[in-house]
Amino acid sequence: MEAKITILGTKKALNVWTMATAEVDGKMYHIEMVRFDEPSIYGIRKGRISKLWVRGEDGTVVINYDRGWDIRPATDEGKAILAAITKQYN
């Protein structure tokens with residue numbers, strides 16, 4: 001299973017948020033994440049992503065990471081999205 005990720009843009013706030021969509025097996029997911037310039041102890045797998053929020057089309061939160069796991073991906077689709085995001089952005 002593979003996730004295709006499309007970046008929709010960035011939004012400047014206190015940090016730089018990246019907005020994106022992911023498609024897995026015809027289902028669309030909305031992604032928001034904050035990345036550091038350098039790897040950090042607060043990042044996923046001590047990488048650059050410090051905040052990650054992914055929700056499905058129905059509004060269900062699939063992944064939530066805010067300097068620690070709140071909701072780990074439990075489905076094959078969620079795991080594919082996390083793998084694609086960490087490969088590309090972490």
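When all heavy atoms of A22 and I81 are compared, the pair lying nearest together is CB-CG1, 4.1 Å. The shortest non-hydrogen separation linking P39 to K46 is CB-O, 3.4 Å. Counting all heavy atoms, side chain and backbone alike, G78 lies closest to P73 at C-CB, 3.5 Å.
Between atom CG of residue L52 and atom CH2 of residue W69 there is a gap of 6.5 Å, rounded to the nearest 0.5 Å. In this structure, I31 CD1 and W53 CH2 are separated by 11.0 Å, a value rounded to the nearest 0.5 Å. Considering CZ of R67 and CD1 of I44, their distance stands at 12.5 Å, rounded to 0.5 Å. Interatomic distance, CE of M33 versus CE of M19, reported as 10.0 Å (0.5 Å rounding). For the atom pair CZ (R55) and CD1 (I63), the distance works out to 13.5 Å, reported to the nearest 0.5 Å. Atom OH of residue Y42 and atom OH of residue Y65 lie 10.5 Å apart, to the nearest 0.5 angstrom.
The backbone N or O of L82 sits less than 3.5 Å from a side-chain atom of T86, completing a donor-acceptor pair. Between the side chain of N90 and the backbone N or O of I49, at least one donor-acceptor pair lies under 3.5 Å.
Judged purely by distance below 3.5 Å, without hydrogens or angles, the side chains of R48 and S40 never pair a donor atom with an acceptor atom.
Taking 4.5 Å as the limit, some side-chain heavy atom of R35 sits within range of a side-chain heavy atom of T18. Y29 has its side chain within reach of V24: a pair of non-hydrogen atoms, C-beta onward, lies under 4.5 Å apart.
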